[in-house]
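In what follows, a structure is listed as structure tokens, so that the remarks can point back to it.
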Amino acid sequence: LLLAAVALAGDQPVKTVAKVDLKRYLGRWHEISSIPQWFQKDCAYGVTATYSLRADGDIGVLNQCRTADGSVKKAEGIAWVVDKNTNAKLKVSFIPGKLKILGGDYWVIDLGPDYEYAVVGHPDREYGWVLSRTPTLPKETLDGIWARLKAQGYDLSQFKMTPQTPCQVEGKECGL
């Protein structure tokens, strides 16, 4: 019965949050977990995304991470809202020149009441990111996110936790 419920959830469309206040969403986010993507292959730890309002009303995107040798890798892009009723469906493009072409779907599918965490997904569940304003989330908060992702039909085994420091990459406990 449980397998049937999970299969049914995977057949249902991914649902976004009811509304995103873009001004509150702007700023720096730490990646807590993600479904690994090819463009993040060089990222070893400390992945962040910073969103800023551009003069034209679109959103500037700066993704950063640390590579295994500790150097910083950056990718700059642009995001734009495609669902103006909710602001929860956006497109993001990293094409040089920050042109609004070939944008990937960026759907806000879970959001903390105080914008302390966000979950970004894709209509086909091809990717997902758990983001936080801080480098860690309380276990109870993360457990709730996992439950809601599962209810949305995501395969939780695809998500990998993102190390925040070099010692976490080595499997050691360390302070943040």
Side-chain angles (χ1 to χ4, degrees), residues 1-41 43 47-51 53 57-61 63 65 75 77-95 100-164:
L1 192 57
L2 179 61
L3 291 175
V6 170
L8 182 60
D11 290 341
Q12 300 298 315
V14 172
K15 293 179 184 159
T16 64
V17 297
K19 188 78 172 163
V20 175
D21 178 341
L22 291 178
K23 289 181 183 171
R24 290 182 72 193
Y25 198 83
L26 298 176
R28 186 175 183 184
W29 294 91
H30 298 267
E31 180 182 289
I32 301 300
S33 182
S34 71
I35 297 173
Q37 299 295 307
W38 65 270
F39 51 81
Q40 292 182 289
K41 66 178 170 57
C43 293
V47 179
T48 61
T50 304
Y51 304 112
L53 188 61
D58 288 326
I59 299 167
V61 179
N63 289 347
C65 69
I78 182 174
W80 61 98
V81 175
V82 294
D83 178 356
K84 304 249 185 227
N85 291 323
T86 67
N87 291 334
K89 292 181 181 178
L90 298 95
K91 294 275 190 181
V92 177
S93 175
F94 290 92
I95 302 296
K100 290 169 47 172
I101 58 173
L102 302 175
D105 290 307
Y106 181 108
W107 288 15
V108 181
I109 62 173
D110 197 1
L111 188 59
D114 294 320
Y115 287 63
E116 70 275 19
Y117 68 84
V119 180
V120 176
H122 181 270
D124 295 329
R125 299 171 183 84
E126 292 176 9
Y127 50 76
W129 287 274
V130 176
L131 307 173
S132 173
R133 295 295 189 180
T134 58
T136 61
L137 280 173
K139 181 183 182 321
E140 308 78 44
T141 302
L142 199 49
D143 287 347
I145 291 169
W146 296 138
R148 290 184 295 278
L149 277 167
K150 190 171 185 177
Q152 285 260 37
Y154 271 88
D155 176 357
L156 300 184
S157 70
Q158 292 185 324
F159 282 84
K160 305 299 178 215
M161 296 303 288
T162 303
Q164 299 298 318

Between [Y] and [X], is there a side-chain heavy-atom distance shorter than 4.5 Å?
X: Arg133; Y: Trp29; result: yes
X: Ile32; Y: Met161; result: yes
X: Ile109; Y: Gln152; result: yes
X: Ile145; Y: Tyr117; result: yes
X: Trp107; Y: Leu90; result: no
X: Val120; Y: Leu131; result: yes
X: Gln37; Y: Ile35; result: yes
X: Leu149; Y: Leu156; result: yes

* Return the set of residues passing salt bridge (Lys or Arg N to Asp or Glu O under 4.0 Å) with Lys139 (not counting sequence neighbours), or none when no residue passes. =>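 Once residues adjacent in sequence are excluded, the partners of Lys139 under the salt bridge (Lys or Arg N to Asp or Glu O under 4.0 Å) criterion are Asp143.
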* Asked: Residues in salt bridge (Lys or Arg N to Asp or Glu O under 4.0 Å) with Lys91, at least two apart?
  ->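 Lys91: salt bridge (Lys or Arg N to Asp or Glu O under 4.0 Å) contacts with Asp105.
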To the nearest 0.5 Å, what is the distance between [atom1] ([X]) and [atom2] ([Y])?
X: Gln158; Y: Glu126; atom1: CD; atom2: CD; value: 10.0 Å
X: Arg148; Y: Asp110; atom1: CZ; atom2: CG; value: 4.0 Å
X: Asp114; Y: Arg24; atom1: CG; atom2: CZ; value: 6.0 Å

To check you understand the geometry: which heavy-atom pair defines the closest contact between [X] and [Y], and what is its length?
X: Thr162; Y: Ser34; answer: OG1-N, 4.2 Å
X: Val14; Y: Pro123; answer: CG2-O, 3.7 Å
X: Ile59; Y: Tyr51; answer: CG2-CB, 3.8 Å
X: Leu111; Y: Ala118; answer: CD1-CB, 3.8 Å
X: Gly103; Y: Ser93; answer: CA-CB, 4.1 Å
X: His30; Y: Thr48; answer: ND1-CG2, 3.7 Å

* Look at the side chain of Lys160 and the backbone N and O of Ser157, then say whether any donor-acceptor pair between them is shorter than 3.5 Å. =>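 Yes, Lys160 side chain to Ser157 backbone: donor-acceptor pair under 3.5 Å.
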* To do: Please test Leu142 against Val130 for side-chain contact (heavy atoms from CB on, under 4.5 Å), starting from the C-alpha separation and ending with a verdict.
  => CA-CA 9 Å; Leu142 199 49; Val130 176; 4.1 Å; yes
* To do: Can you sort out the partners of Ser132 under side-chain hydrogen bond (donor to acceptor under 3.5 Å, both in side chains), two or more places apart, ordered by chain and number?
  =>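 By the side-chain hydrogen bond (donor to acceptor under 3.5 Å, both in side chains) rule, Ser132 matches Thr134.
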* Who pairs with Trp129 by side-chain hydrogen bond (donor to acceptor under 3.5 Å, both in side chains), at least two apart in sequence or on another chain? ->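 Testing Trp129 for side-chain hydrogen bond (donor to acceptor under 3.5 Å, both in side chains), a comparison that skips the adjacent residues, returns Glu31, Gln40.
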* For Asn85, all residues meeting side-chain contact (heavy atoms from CB on, under 4.5 Å), sequence neighbours excluded ->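 Asn85: side-chain contact (heavy atoms from CB on, under 4.5 Å) contacts with Asp83.
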* **Qualifying residues under side-chain contact (heavy atoms from CB on, under 4.5 Å), relative to Leu53, sequence neighbours excluded** =>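 Leu26.
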* To do: Decide if the gap between the ring center of Phe159 and the ring center of Trp146 is smaller than 6.0 angstrom.
  =>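 Phe159 vs Trp146: aromatic centres under 6.0 Å.
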* To do: Begin with the C-alpha distance, continue with both residues' side-chain angles, and end with the deciding distance and a verdict on side-chain contact (heavy atoms from CB on, under 4.5 Å) for Asn87 and Tyr25.
  => CA-CA 10 Å; Asn87 291 334; Tyr25 198 83; over 6 Å; no
